[in-house]
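Working notes for the structure below.
By convention in this document, chain letters (A, B, ...) are assigned in the order of the sequence lines, proteins followed by strands, and residues within each chain are numbered from 1.
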Protein chains: 2
Amino acid sequence: MVIGYAAPMAETPRAPAHIRTLPSWLLGRAAARGHRLVGEALARVGLRMMHHAVLSAVAESGPLSQAELGRGLGIDRKDMVAILDDLQGEGLVTRAPDVTDRRKNAVAVTASGRRLLRRAVRLGDAANDELTAALSPAERAQLVDLLTRIVQPGEPCAAPPHGGR
Amino acid sequence: MVIGYAAPMAETPRAPAHIRTLPSWLLGRAAARGHRLVGEALARVGLRMMHHAVLSAVAESGPLSQAELGRGLGIDRKDMVAILDDLQGEGLVTRAPDVTDRRKNAVAVTASGRRLLRRAVRLGDAANDELTAALSPAERAQLVDLLTRIVQPGEPCAAPPHGGR
DNA sequence: GTCCTATCGTTGGGAAACCCAACGGTTCGG
DNA sequence: CCGAACCGTTGGGTTTCCCAACGATAGGAC
């Protein structure tokens, strides 16, 4: 039972049309490219994306607990431990017991952490420029706006509504 | 805790997170949400995202080889084997040796595969509607356009015309 | 015809991110 | 005092991505 098709398959190697119109698919592919670009850029200062995000959050919002960091960035607690182990091991952040709540670790950025972050920000920004090279500044701003509204469907997860007690 | 160093540039009253303005970060978060929503939806018909993508590509572009599928969808050959093993095991696609090139497998969709795909498409579309619920139709179209232009330049695994090793 | 290169499917390994569930230590309220 | 809830830690697991081989096959060079 041979299907009698005479198809020069080499002509259309791509384009499943339907899937390419789905935001979920496009988001996945675009995120993969962004992850690759930014990952390669940050690797030049020995950082990974998540490490960069944590370092940036700590440097901006002062001493934070690991749980607060995880909620704010959407990182799992398991991974947060490993990330902070790495950052602390390289002297980029400090993990000190919180004085007011001994359950928490007060994560703070060090001087060298702030210094490295400055370089990482430059590299990350450059990678993002390359990622959005096909977009005009206005289009990029629009993309950021649209994505922000997709990521936060209702309220940010940092503030759960009153009810689940 | 007041950081008292004078910012040389325009200081914003509050800069919540520099990370959240980076397209790469937003893309990652948005893609994660889309993956979760679509994944849950497709799970109701026993499909995963990649399985759905492969099934859709095969149903659209007729018999294809595994390598062509992988290039068109950006899926690794290793994973493609496993995906097709699953799809074939459930009778959704057939893997027959290509008559013109015995290296290739001619992957084709079956009747039940096409039937299941129809349901999967509806579920996937609904999940994407929920994903982009905060966007107007025009905004969603704009998002698709912007994302398409971001994904294009790289063209993940497309064969480079010249290059080589 | 014989080589040589490239591709195809398959198998192997590993990395990174994601999610869930438990445990001891701690805080807080009843 | 006791239970509920939180925190950090460790333990499972899954999925996607990338690299490198191997035998089998196709196409071209000679």
Sugar-phosphate only, base, or nothing, as touched by A:Arg48 at under 4.0 Å among non-hydrogen atoms: sugar-phosphate

Length of the CG-P vector between B:Leu37 and C:dC18, whole Å: 15 Å

Nearest-Å distance for atom pair CG/C1', residues B:Leu73 and D:dC17: 15 Å

Touch class at under 4.0 angstrom, heavy-atom based, for B:Met80 against every strand present: nothing

Whole angstrom value for the distance that separates P of D:dG11 from CG of A:Asp79: 14 Å

Criterion side-chain contact (heavy atoms from CB on, under 4.5 Å) against A:Leu22, the qualifying member of B:Val144, B:Val38, B:Asn128: B:Asn128

Residue A:Met49, side-chain atoms from C-beta onward, closest of D:dC17, C:dA17, D:dT9: C:dA17

C:dC18 OP1/OP2 closer than 4.0 Å to side-chain N/O of B:Arg29: yes

Lys/Arg N to Asp/Glu carboxylate O, B:Lys78 vs B:Asp76, below 4.0 Å: no

Closest to the B:Arg77 side chain, choosing from C:dT7, C:dG9, D:dA5: C:dG9

Protein-nucleotide distance (A:Glu40, atom CD; C:dA15, atom P), rounded to Å: 18 Å

Backbone of B:Leu131 reached by a side-chain donor or acceptor of B:Arg33 within 3.5 Å: yes

Touch class at under 4.0 angstrom, heavy-atom based, for A:Asn105 against every strand present: sugar-phosphate

Closest listed nucleotide, where the reference is the side chain of B:His35 and the choices are D:dT15, C:dT7, C:dC18: D:dT15

Qualifying residue for side-chain contact (heavy atoms from CB on, under 4.5 Å) with B:His51, from B:Leu42, B:Asp86, B:Leu84: B:Asp86

Neighbour count above 12 (heavy atom, 6.0 Å) for B:Arg95 CZ: yes

Closest-nucleotide ordering on DNA chain C, the 5'-leading residue of A:Ile75 and B:Asp85: B:Asp85

Phosphate OP1/OP2 of C:dC8: any B:Arg71 side-chain N/O under 4.0 Å: yes

Nearest-Å distance for atom pair CZ/P, residues A:Arg103 and D:dC7: 6 Å

Options D:dC7, C:dG9, D:dA26, nucleotide nearest the side-chain atoms of B:Gln66: C:dG9

Whether A:Asp101 side chain and A:Arg103 backbone form a donor-acceptor pair below 3.5 Å: yes

Atom pair distance, as rounded to whole Å: CG in B:Leu27 and P in C:dA17: 16 Å

Per A:Lys104 side chain, nearest of listed nucleotides D:dA26, D:dG8, C:dC20: D:dG8

From C:dC20, D:dG8, D:dT16, nucleotide with atom closest to A:Lys78 side chain: C:dC20

Value in whole Å for how far the P atom of D:dG8 lies from CG of A:Leu87: 15 Å

Sugar-phosphate, base or nothing in reach of B:Asp101, heavy atoms under 4.0 Å: sugar-phosphate

Touch class at under 4.0 angstrom, heavy-atom based, for A:Arg102 against every strand present: sugar-phosphate

Length of the CG-P vector between A:Asp76 and D:dG8, whole Å: 13 Å

Proximity to the side chain of A:Ala32 - top-ranked nucleotide from D:dC17, D:dG8, D:dA5: D:dC17

